[in-house]
Amino acid sequence: MSNRALERKYRVGWRTVQKALSSAWPQPREPYAPRRSKLDPFKPVIDQMLLADLDAPRKQRHTVVRIYHRLINEHAMDDVSYQVVRAYVAKRKPEIRVEAGRGPAQVFIEQSHLAGAEAEVDFGEVAVRLRGELVKCHLFCLRLSFSGKAVHRVFASGGQEAFFEGHEHAFRVLGGVPFGKIRYDNLKAAVASVLGFTRRRVETDRWTAFRSHYGIEPFYCTPGIEVAHEKGGVEGQIGWFRRNHFVPVPEIDSLAHLNMLIDEWDLADEARRIGTRPRTIGELFAVERPSLKPLPVETFETGRWFTPRVDRFSQITVRTNRYSVPTRFIGRQVRVLLHASELVVFDGRTEIAQHERLLTKSGSRLELDHYLEALLRKPGALPGATVLEQARAAGQFTPIHEAWWTAACNAHGDTAGTRALIEVLLLHRHMQHDHVVAGLAAALQVGALTADAAALEARRIADNDEPTSAKPRRRATTEAYRAVAATVTSLTQRRLAQLPKDTRPMPDVSIYDQLLPSRRAAVAAAGRAPAPRPTQKPSGKKPPP
C-alpha cells in the first residue's frame, strides 16, 4: 500500500505513517512542561518549615493548617487554596526526610521460623457487656510463629497476675514451651526499666522467677509504636480475633463463661488458613507440637499474696478495692491470694471467702451472707444496708424476697418480720437459690409468713426436683416463681369452702366451776349462800400420827 492509502485507511497524518514505518515501537511521548502555580514563590518557605521539623519535638511540628496560616500571615500569600498547600506538603515531606539523610522509606523483610522455636505475646483491650454493664477487659494472646496457632484468654486486669496466668494457660493448651525466643513489649509486668537504646532490660523479680521456672528466653522489642512490626504476627492476630469474635459486643454472665467460648473459638480456628499458606493452622501445629519443650512437673503460683486486717465493717482492702468477709473475723489478719479475675481469702489454711475481682478502683464487693449473723442482732440495719443494694443488683435478692419480707413485716412487725427474712436467707447456705425462692413463692401464696413454712416448702421442692447434675443451674425469675403451685393447705379456707354450716349451740363450761379450789366462791358465783358446816364433838381419841 502507498503512504496515502495508509493515511486514508488508518486516518492518521503523514508524519505518523513515517514513524510507524521506521520503528515498530512508538517513540516515548515527551512530557508536558510543568505548569506554573501560584504556590511556586512559597515552596522554598514550605521546604524550610519541613526541614526545621526534623529536629523539633514530635508534638510541636508543623501541621498543614499551621503552614497555611503562616504563609498567609507572615508571607502575604493570597489566592492559594488550602488543598494546593496540602497536596504539596504530602508530596514534599518524605522527600525532604530522604534528602536530609534521615533514611529511605521503611523496608520490611519477610522472615521464616523454625517449628517450635519462636512465639509472640501481647495484650489487647476488648469491651464486653458483663451482666448488662459495658466493661473493658484485657485479652491475652500467645501466638506460635511457625504455625500461627494462637491461644487467647480474657482477664479483668492486665497486671502481672494476668500476664502469668495467660502464659500458664497457653502452655497447658499447647502442651509445651517454645525452645527459642518469645517476643514481648516492654510491659511493666516483666520489665522494670529499659537500659538506654539497647536490648538490655532490668526485669522484675517475679518475672525472672516465672520465666526461669518454664525456661523462657525473652526477646524485648524496641520501644515505640513505629517498631510494632517486630512482633507483627500477634498484633495482627489480636485485631483479627477481636473483629471476628467480639463484634457485636458479647453479652455474658461471667468471665469464666467467656473464656469457655474463647477456648472453643481457638479450637475452631485451627481449620483456618493464614494468607496463601498451603496448610491450615491445625496441620502446621501438628508438625510443630513435638518440637516444643515439655512442661515442668511442678506448677508456679501465679497469684500474689496479701495479708490485710479485717476492719470493723467486716471488709478487707486489696489494691484500693474493698471486699467483705464473715463478721466473725473482724479485727483479725487474714491471707488473700489475688488472681487476675478473682481473689480468695484464707484464715490460716481455711478458705473463708471468694470474690470476683473488681474492674474499677475504690469500689466494694459485699456478700450478703457474710453479714447475716450480725443482722440477726441488728435487724433495723438491713433496709438501708449497702450489701442489700448490691444483692438486689446482682439478682440474689429477688422480688419474691421483697414481697415475702413486706408481708412478714405487716403480719409480725418490722423487727420480727426482718428476723424471719434473715432466717430464710440463712437457708441459702445449705440449699440452692432456686429452691429457696420457689419455697418463698409457695409460702407467700397461702400466707405462710414464717421461716419454718418457707423452709418446709423449699425442702419439698428440692426433694421433688431432679438432680442438679442432670441440668444446668439457672437464675430464678419472677415469672417462674409465680407459676409455682402452693401445696400448704389453709384449714380455715377449707372449712369455709367445703364443710357444712355448724348449727350447734356454743358450749357451756359453768358446770366445771365446782372444781375450783374454793367451793364458797363457786356457790357465791351461783348466787346462793353457803350452809353452815356441822361441828364435831371430841371423841377422846388421839388423832392418828
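Here the structure is a predicted model, which is why all the values come from computation and not from measurement.
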Using the side-chain contact (heavy atoms from CB on, under 4.5 Å) rule, take Glu235 and Glu120 through it: C-alpha gap first, then chi angles, then the decisive distance, then the call. CA-CA 9 Å; Glu235 298 276 358; Glu120 301 170 356; over 6 Å; no
Can you check side-chain contact (heavy atoms from CB on, under 4.5 Å) on Phe246 and Leu258, steps first, answer last? CA-CA 11 Å; Phe246 286 83; Leu258 178 59; 4.3 Å; yes
side-chain contact (heavy atoms from CB on, under 4.5 Å), that's the test. Do Phe241 and Cys141 meet it? Break it down for me. CA-CA 10 Å; Phe241 194 83; Cys141 178; over 6 Å; no
Could you walk me through whether Arg206 and Gln160 pass the side-chain contact (heavy atoms from CB on, under 4.5 Å) check? CA-CA 9 Å; Arg206 295 197 73 220; Gln160 195 176 65; 3.4 Å; yes
Tell me, with the steps shown, if Ser364 and Gln390 meet side-chain hydrogen bond (donor to acceptor under 3.5 Å, both in side chains). CA-CA 9 Å; Ser364 63; Gln390 293 193 9; 3.2 Å; yes
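Comment: Glu288 does not engage Arg279 in a salt bridge, judged by the lack of any side-chain N to carboxylate O separation of less than 4.0 angstrom. Lys149 has no carboxylate O lying under 4.0 Å from a charged side-chain N of Asp269, or vice versa, which leaves the two without a salt bridge. Using a 4.0 Å cut-off between a side-chain N of Lys or Arg and a carboxylate O of Asp or Glu, Glu283 and Arg273 do not qualify as a salt bridge.
Of the possible polar contacts, one joining the Asn186 side chain to the Cys221 backbone as a donor-acceptor pair under 3.5 Å is found. At least one donor-acceptor pair closer than 3.5 Å links the side chain of Arg277 to the backbone N or O of Ser147. Counting only distance, with no hydrogens or angles, the side chain of Arg201 and the backbone of Ala192 share no donor-acceptor pair below 3.5 Å. The backbone N or O of Gly439 sits nowhere less than 3.5 Å from a side-chain atom of Arg459 that would complete a donor-acceptor pair.
Taking the side chain to side chain donor-acceptor pair (under 3.5 Å) definition, one finds that Tyr88 meets it with Asp47, sequence neighbours left out. Scanning for ring pair (Phe, Tyr, Trp, His ring centres under 6.0 Å) contacts around His167 gives Phe140, Phe163, Phe171, Tyr184, Trp207, Phe210, with sequence neighbours left out.
In this structure, Phe123 and His138 have perpendicular ring planes: the angle between them is above 60°, well past the 30° mark. Ring geometry, Phe346 versus Trp305: the interplanar angle falls from 30° to 60°, so the pair is classed tilted. Ring orientation note: the planes of His433 and His401 are tilted relative to one another, at an angle of 30° to 60°.
Shown are Arg97, Arg92, Lys93; of these, the side-chain hydrogen bond (donor to acceptor under 3.5 Å, both in side chains) with Glu95 is made only by Arg92. Across Asn259, Asp263, Asp266, a single residue satisfies side-chain hydrogen bond (donor to acceptor under 3.5 Å, both in side chains) together with His152, and that is Asp266.
Residues Gly116 and Leu292 share a closest heavy-atom pair of CA-CD2, 3.8 Å. In this structure, Ala170 and Leu142 approach most closely via the heavy-atom pair CB-CB, 4.0 Å.
A 4.5 Å side-chain heavy-atom check between Glu203 and Tyr220 finds at least one atom pair inside the cut-off. The side-chain heavy atoms of Arg319 and Leu338, taken from C-beta on, include a pair separated by under 4.5 Å. Between Leu337 and Glu301 there is a side-chain heavy-atom pair separated by less than 4.5 Å. Two residues are said to be in side-chain contact when any heavy atoms from C-beta on lie closer than 4.5 Å; Thr327 and Tyr371 meet this criterion. The shortest side-chain heavy-atom distance between Leu255 and Cys137 falls under the 4.5 Å cut-off.
Counting heavy-atom neighbours within 6.0 Å of Arg429 CZ, excluding the residue itself, gives a total above 12. The neighbour count for Lys43 NZ, taken as heavy atoms of other residues, nucleotides or ligands under 6.0 Å away, is above 12. Within 6.0 Å of CD on Gln83 lie more than 12 heavy atoms contributed by other residues, nucleotides or ligands. In this structure, Phe313 places its CZ atom where only 12 or fewer heavy-atom neighbours from other residues, nucleotides or ligands lie under 6.0 Å away.
Side chains of Asn321 and Arg365: a donor-acceptor N/O pair is absent below 3.5 angstrom, by distance only.
One distance of note links OG1 of Thr386 with CZ of Arg322; it measures 9.0 Å at 0.5 Å rounding. Atoms CG and CG, from Leu368 and Leu375 in turn, are 7.0 Å apart once rounded to the nearest 0.5 Å. Interatomic distance, CD of Glu367 versus CG of Leu372, reported as 9.5 Å (0.5 Å rounding). Residue Glu165 holds its CD atom at 11.5 Å from CZ of Phe300, rounded to the nearest 0.5 Å. Interatomic distance, Arg129 CZ to Asp253 CG, rounded to the nearest 0.5 Å: 13.5 Å. Rounded to the nearest 0.5 angstrom, Asp122 CG and Lys231 NZ are separated by 3.5 Å.
The ring-ring contact (aromatic ring centres under 6.0 Å, His included) pairs that include a residue from residues 316-341 are Tyr323-His355, where partners are two or more places apart or lie in different chains.
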